[in-house]
Participant: 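Supplied in structure tokens, the structure appears directly below.
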Amino acid sequence: MSSYREKSIVFIGFMGSGKTTIGEQVAKKLYRDFVDIDEEIEKEYGMPVIDIFKVHGEEAFRSKEKELIKGYCERPLKIISVGGGAFMNEEIREVCLQNCIVFFLDLSFNAWKERLTLLLPSRPVLQGKSIEEIEELFYKRQGIYADHNSKFTTDHLDIDEVSDYLIKSLKTSWDLYS
Ligand SMILES: Nc1ncnc2c1ncn2[C@@H]1O[C@H](COP(=O)(O)OP(=O)(O)O)[C@@H](O)[C@H]1O
Ligand SMILES: O=C(O)C1=C[C@@H](OP(=O)(O)O)[C@@H](O)[C@H](O)C1
Ligand SMILES: [Mg+2]
């Protein structure tokens with residue numbers, strides 16, 4: 001078990017909440033390795049997530065997602081962004097919460113809606129859904145993100161503001177709990 005200061009950090013939250021973008025920024029600013037689980041799955045299958053869902057199915061995606069998250073979470077000093085559906089799995093929730101500091105990147109549905117067009121082509125889970133169905137999924141998913149160590153609402157903040165705040169908050173907790 002690593003010391004509190006060396007624990008890896010995991011970002012969770014709904015699709016498009018900024019886990020990949022902000023995780024990468026935070027990693028750069030803290031001089032840590034960044035791991036985006038979706039990217040790792042894409043590398044293994046040699047195709048984008050949307051095609052993995054089409055060719056191999058969601059079950060294969062979820063199984064690889066679990067295997068990779070379990071592997072990375074047990075290592076120290078990483079910044080890990082997991083996909084928005086990963087926390088549906090209890091084993092993943094447990095391994096992340098036991099080994100890492102879990103940050104929930106939250107935003108309001110209103111703020112999220114502005115990103116919809118940008119996200120639609122690459123997010124299989126959103127395909128073919130009406131805006132009402134997406135809104136229902138958004139609120140249903142809030143439940144799976146309820147287990148976390150720290151939550152940050154990103155409405156009206158740009159990527160630098162969010163990452164700077166997160167680093168400040170991490171440094172405070174390292175000073176308090178190390
Ligand atoms: N705080 C933010 N303000 C504005 N746009 C953001 C913010 N965070 C992320 N984005 C944009 O939203 C899109 C989705 O972000 P991404 O990091 O891929 O989210 P996730 O990994 O949670 O699905 C990207 O185009 C990114 O530039
Ligand atoms: O919420 C989900 O079920 C998913 C979220 C995606 O990641 P992002 O949250 O980074 O978009 C990706 O893992 C896949 O498309 C499934
Ligand atoms: Mg992502």
Side-chain angles (χ1 to χ4, degrees), residues 9-29 34-45 47-70 72-73 78-93 96 102-129 133-148 150-169:
I9 290 146
V10 173
F11 287 107
I12 63 164
F14 199 64
M15 286 164 267
S17 59
K19 303 177 297 293
T20 297
T21 319
I22 286 157
E24 198 169 10
Q25 278 265 350
V26 169
K28 255 189 212 141
K29 291 180 181 181
F34 174 62
V35 182
D36 185 77
I37 298 297
D38 285 338
E39 246 176 62
E40 296 301 309
I41 302 171
E42 289 179 334
K43 275 190 228 158
E44 293 231 1
Y45 280 96
M47 60 181 82
V49 168
I50 191 114
D51 293 336
I52 302 173
F53 269 61
K54 277 187 208 142
V55 177
H56 300 278
E58 179 169 356
E59 215 176 296
F61 174 87
R62 296 296 174 200
S63 155
K64 183 56 74 184
E65 179 176 56
K66 183 162 80 178
E67 177 194 321
L68 288 168
I69 293 174
K70 283 169 97 175
Y72 279 111
C73 277
K78 306 261 175 243
I79 306 288
I80 305 163
S81 292
V82 304
F87 257 44
M88 290 190 292
N89 184 286
E90 196 183 342
E91 250 181 277
I92 295 182
R93 289 200 301 272
C96 289
V102 177
F103 270 101
F104 170 26
L105 288 183
D106 195 18
L107 81 174
S108 68
F109 187 68
N110 259 347
W112 182 85
K113 262 196 311 199
E114 288 178 22
R115 298 184 197 166
L116 175 59
T117 334
L118 193 90
L119 298 170
L120 210 46
S122 55
R123 303 314 199 268
V125 176
L126 300 177
Q127 311 280 309
K129 284 195 172 66
E133 287 169 327
I134 293 175
E135 185 171 11
E136 200 185 320
L137 178 69
F138 182 93
Y139 288 111
K140 194 172 153 210
R141 285 279 182 90
Q142 296 294 308
I144 68 163
Y145 308 131
D147 279 338
H148 55 257
S150 194
K151 168 175 147 174
F152 190 54
T153 304
T154 65
D155 285 26
H156 317 298
L157 296 174
D158 66 29
I159 291 155
D160 267 317
E161 286 170 321
V162 177
S163 59
D164 286 344
Y165 170 85
L166 288 168
I167 287 169
K168 231 168 128 182
S169 142

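First listed ligand is number 1; within each ligand, the first listed atom is number 1.
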Participant: Quick check: Val162 and ligand 1, any N/O pair under 3.5 Å apart?
Facilitator: no
Participant: Does any N/O atom on Pro124 come nearer than 3.5 Å to any N/O atom on ligand 2?
Facilitator: no
Participant: So which protein heavy atom does atom 13 (O) of ligand 2 come closest to, and at what separation?
Facilitator: Asp38 OD1, 2.7 Å
Participant: Begin from the C-alpha positions of Asp106 and Gln142 and carry the test side chain to side chain contact (heavy atoms under 4.5 Å, CB included) through to its verdict.
Facilitator: CA-CA 9 Å; Asp106 195 18; Gln142 296 294 308; 3.4 Å; yes
Participant: How does Phe11 reach ligand 1, by side chain, by backbone, by both or by neither, if only non-hydrogen atoms under 4.0 Å count?
Facilitator: neither
Participant: Have a look at ligand 1 and work out which part of Arg123, if any, has a heavy atom under 4.0 Å from it: side chain, backbone, both or neither.
Facilitator: side chain
Participant: Answer side chain, backbone, both or neither: which part of Arg115 comes under 4.0 Å from ligand 1, heavy atoms only.
Facilitator: side chain
Participant: Hey, which of Phe103, Phe104, Phe87 is the one that makes ring-ring contact (aromatic ring centres under 6.0 Å, His included) with His148?
Facilitator: Phe104
Participant: Might you work through the side chain to side chain contact (heavy atoms under 4.5 Å, CB included) test for Tyr145 and Leu105, ending with a clear yes or no?
Facilitator: CA-CA 9 Å; Tyr145 308 131; Leu105 288 183; over 6 Å; no
Participant: Got the closest protein heavy atom to atom 13 (C) of ligand 1, with its distance?
Facilitator: Leu118 CD2, 3.7 Å
Participant: Flag Gly84 as yes when one of its N or O atoms lies below 3.5 Å from any N or O atom of ligand 2, and as no otherwise.
Facilitator: yes
Participant: Charged N to carboxylate O below 4.0 Å: is that the case for Arg62 and Glu65?
Facilitator: yes
Participant: Going by an N to O cut-off under 4.0 Å, is there a salt bridge joining Lys140 and Glu136?
Facilitator: no
Participant: Ligand 2 versus Lys19, non-hydrogen atoms closer than 4.0 Å: side chain, backbone, both, neither?
Facilitator: side chain
Participant: Looking at ligand 1, does any of its N/O atoms fall within less than 3.5 Å of an N/O of Gly16?
Facilitator: yes
Participant: In plain terms, say whether Asp38 and Arg123 are close enough for a salt bridge, that is, a side-chain N and a carboxylate O under 4.0 Å apart.
Facilitator: no
Participant: Just let me know how Arg62 lines up against ligand 2, side chain, backbone, both or neither, with a heavy-atom cut-off below 4.0 Å.
Facilitator: side chain
Participant: Would Thr154 count as a polar contact of ligand 1, with the cut-off being nitrogen or oxygen pairs under 3.5 Å?
Facilitator: no
Participant: Holding to ring-ring contact (aromatic ring centres under 6.0 Å, His included), I want the full list of residues that pass it with Phe14, two or more places apart in sequence or in another chain.
Facilitator: Trp112, Phe138
Participant: Can you pull out the closest protein heavy atom to atom 26 (C) of ligand 1? Residue, atom name and distance to 0.1 Å, please.
Facilitator: Thr21 OG1, 3.6 Å
Participant: Just jot down the ring-ring contact (aromatic ring centres under 6.0 Å, His included) partners of Phe34, sequence neighbours excluded, or say none.
Facilitator: none
Participant: Which bit of Leu157 is near ligand 1, meaning a heavy atom under 4.0 Å away: side chain, backbone, both or neither?
Facilitator: backbone
Participant: If the contact criterion is a heavy-atom separation under 4.0 Å, does Ser81 count as touching ligand 1?
Facilitator: no
Participant: Select the closest option to atom 19 (O) of ligand 1 among Ser122, Gly13, Gly18, Gly84, judged by heavy-atom distance.
Facilitator: Gly18
Participant: Give me the nearest non-hydrogen protein atom to atom 1 (O) of ligand 2 as residue plus atom name, then the distance to 0.1 Å.
Facilitator: Arg141 NH1, 2.7 Å
Participant: Look at atom 27 (O) of ligand 1 and say which protein heavy atom is nearest, naming residue and atom and giving the distance to 0.1 Å.
Facilitator: Ile159 CD1, 3.9 Å
Participant: Is any N, O or S atom of Thr20 under 2.8 Å away from the Mg ion (ligand 3)?
Facilitator: yes
